[in-house]
Amino acid sequence: MEGNGKLEAQIEALLNVEKQMRQAGDVAATRKAATDILQLCFDARAWKTLNEQIVLLSKRRGQLKQAVQAMVQQAMQYIDQTPDLDSKIELIKTLNSVSAGKIYVEIERARLIKKLTKIKEEQGLIGEAADLMQEVAVETFGAMAKTEKIAFILDQVRLCLDHKDYVRAQILSRKINPRVFEADPSKEKKKPKEGENVVEEPAADIPALLELKQIYYQLMIRFYSHSNDYLEICRCYKAIYEIPSVKEDPAQWIPVLRKICWYLVLSPHDPMQSSLHNSTLEDKNLSEIPHFRLLLKQLITMEVIQWTALWSTFKDEFENEKNMPGGTLGDKAADDLKLRVIEHNILVVSKYYARITLKRLADLLCLDIQEAEKHLSEMVVSKALVAKIDRPMGIVCFQPAKDSNDILNSWAFNLEKLLDLVEKSCHQIHKETMVHKAALKA
């Protein structure tokens with residue numbers, strides 16, 4: 001009790017000093033008096049008193065913002081030295097309530113929320129942790145370092161994905177422009193001009209920009225895997241593959257390049273997929289995994305692929321992917337691969353045939369007639385190709401229907417070609433006649 005009385009007396013004396021300095025407008029002395037009170041409480045390990053004094057000092061009439069900022073920063077150093085979890089949570093909540101709504105301690109508040117979120121996460125309360133993190137909009141913080149902002153938003157996205165809140169995860173991920181990862185840190189301005197906000201140094205545990213790039217794309221892979229958006233997953237792996245630290249280490253880039261190849265062949269055919277497919281085939285590193293070069297070649301060559309032969313060749317590689325770093329291909333991947341092969345075969349047939357019977361089409365696709373018709377119809381609906389089915393006759397026509405303007409244009413073009421040919425023939429006949437006459441005269 002004697003110790004408590006002594007502490008209270010010391011605090012009371014310092015509170016009087018703080019009041020005089022505050023009323024005199026002495027910033028440095030007010031700040032020192034406030035932090036000395038907190039230090040007294042910390043040295044005495046009086047955690048309850050410490051919380052009370054933080055609230056009391058922050059609510060005093062005309063309290064200087066520099067004093068509040070100094071108090072919050074000082075008390076944050078005590079968080080990791082609290083004797084138990086309850087004291088730790090109580091101190092974080094106190095500091096959080098004091099810094100709420102105050103712009104000059106917004107960075108400290110974001111860091112406090114992050115600490116509290118980590119505790120909630122360790123307790124298994126993912127939903128609460130995700131809700132807590134979403135309270136803070138760090139993208140509006142002018143004084144926060146770029147890397148710390150990105151790391152904070154990525155934590156928000158990760159918690160939403162853990163909580164299976166995919167809509168909010170997508171909204172939060174859009175706060176990060178992927179072009180920010182391409183910035184050259186050496187070219188960034190170091191010294192702010194007069195009147196600009198001074199950007200604080202990021203916290204010690206914040207990763208570098210290229211590490212954040214890898215984390216960002218890994219989170220986006222998790223997001224796109226939920227909806228089996230294979231092309232976007234492939235583009236994410238492509239971005240990871242371009243990171244210098246990954247590209248220099250074969251142990252890192254080989255699994256990533258394997259994933260790029262798998263997701264390319266799983267993606268539906270479109271111009272973006274075709275462009276990525278061709279650029280990947282030109283990659284010299286693909287020679288390290290020749291099996292995958294063969295797979296990509298087959299899917300781009302205009303020849304019908306036998307599914308059973310392809311699956312028997314690549315089944316082992318497909319199964320091995322489950323043991324490779326970076327996650328598995330997903331439950332639907334094998335079915336989707338078969339579907340891509342069928343779609344490829346239909347496109348090949350449409351290139352070689354103007355009209356074909358359904359029976360012959362089904363034979364080429366190694367399917368029954370109903371399945372062949374179903375896959376063909378789906379491709380027509382998705383506008384991957386143009387086709388019409390005459391069901392009574394059992395004939396598929398791959399030629400698009402022409403309107404009257406197209407027919408007239410083709411007639412005009414054909415007439416023009418015909419007249420050109422007649423003119424050339426006349427010229428050749430005239431030339432031959434002249435040569436013949438010259439020969440006779442001689």
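As the structure is a prediction and not an experimental result, all values here were calculated from the model.
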Run Arg355 and Val396 through side chain to side chain contact (heavy atoms under 4.5 Å, CB included) and show every step you take. CA-CA 6 Å; Arg355 294 167 84 242; Val396 181; over 6 Å; no
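- Formation of a donor-acceptor pair under 3.5 Å by the Ser225 side chain with backbone atoms of Asn228 is not found in this model.
- Between atom CG of residue Asp335 and atom CG of residue Leu339 there is a gap of 9.0 Å, rounded to the nearest 0.5 Å.
- Pairs engaging residues 209-221 under the salt bridge (charged side-chain N to carboxylate O under 4.0 Å, His left out) rule: Glu182-Lys213 [sequence neighbours left out].
- Listed by first then second residue, pairs satisfying salt bridge (charged side-chain N to carboxylate O under 4.0 Å, His left out) with a partner in residues 291-313 number zero, not counting sequence neighbours.
- In this structure, CD1 on Ile221 lies 12.5 Å from CZ on Arg235, to the nearest 0.5 angstrom.
- If you run ring-ring contact (aromatic ring centres under 6.0 Å, His included) between Trp262 and each of Tyr237, Tyr230, Phe292, only Phe292 comes through.
- Residues Glu371 and Lys374 are not paired through a salt bridge, judged by the lack of any N-O separation under 4.0 Å between the basic side chain and the carboxylate.
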Stepwise side chain to side chain contact (heavy atoms under 4.5 Å, CB included) check, Leu361 with Ile369: CA-CA 8 Å; Leu361 178 67; Ile369 290 173; over 6 Å; no
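- Here CD1 of Ile342 is found 10.0 Å from CG of Leu337. Values are rounded to the nearest 0.5 Å.
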Could you walk me through whether Leu125 and Ile119 pass side chain to side chain contact (heavy atoms under 4.5 Å, CB included), step by step? CA-CA 9 Å; Leu125 305 168; Ile119 294 167; over 6 Å; no
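- Ion pairing between Asp162 and Arg222 holds under the 4.0 Å rule for side-chain N and carboxylate O.
- Annotation for Val180 and Leu209: closest pair O-CD2, 3.6 Å, computed over non-hydrogen atoms.
- Remark: Arg158 engages Asp155 in a salt bridge, criterion side-chain N to carboxylate O under 4.0 Å.
- What you find for Gln273 and Leu264 is that their closest heavy atoms are NE2-O, 3.0 Å.
- Using a 4.0 Å cut-off between a side-chain N of Lys or Arg and a carboxylate O of Asp or Glu, Arg168 and Asp165 qualify as a salt bridge.
- Contact of the Ile150 side chain with the Tyr216 side chain is not registered, since no non-hydrogen atoms from C-beta on lie closer than 4.5 Å.
- Using a 4.5 Å heavy-atom threshold, the side chains of Met379 and Glu343 count as touching.
- Shown here for Tyr352 and Met302, the closest heavy-atom pair between the two residues is OH-O, 3.1 Å.
- What you find for Cys236 and Met220 is that their closest heavy atoms are SG-CB, 3.7 Å.
- Looking only at distances, no side-chain donor or acceptor of Ser274 sits under 3.5 Å from a matching main-chain atom of Asp270.
- Annotation: side chain of Ser377 is in contact with side chain of Glu373 (closest heavy-atom distance under 4.5 Å).
- Considering all non-hydrogen atoms of both residues, Ala334 and Trp311 come closest at CB-CH2, 4.1 Å.
- Using bins of under 30°, 30° to 60° and over 60° for the plane-to-plane angle, the ring pair Phe223/Tyr166 lands in the tilted bin.
- Heavy-atom contacts from other residues, nucleotides or ligands closer than 6.0 Å to NZ of Lys32 number 12 or fewer.
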Side chain to side chain contact (heavy atoms under 4.5 Å, CB included) between Leu295 and Thr313, worked out: CA-CA 9 Å; Leu295 177 66; Thr313 310; over 6 Å; no
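- Between the side chain of His344 and the backbone N or O of Thr301, at least one donor-acceptor pair lies under 3.5 Å.
- Of the possible polar contacts, one joining the Ser312 side chain to the Ala309 backbone as a donor-acceptor pair under 3.5 Å is found.
- For the pair Phe152/Arg111, no side-chain contact is recorded, criterion being any heavy-atom separation below 4.5 Å from C-beta on.
- Of all heavy-atom pairs spanning Leu266 and Arg340, the tightest one is O-NH1, 2.6 Å.
- Between Ile356 atom CD1 and Cys397 atom SG the span is 11.5 Å, to the nearest 0.5 Å.
- Proximity of a side-chain donor or acceptor of Asn345 to a complementary backbone N or O of Ile305 within less than 3.5 Å is detected.
- For the pair Ser275 (side chain) and Pro271 (backbone), a donor-acceptor distance under 3.5 Å is absent.
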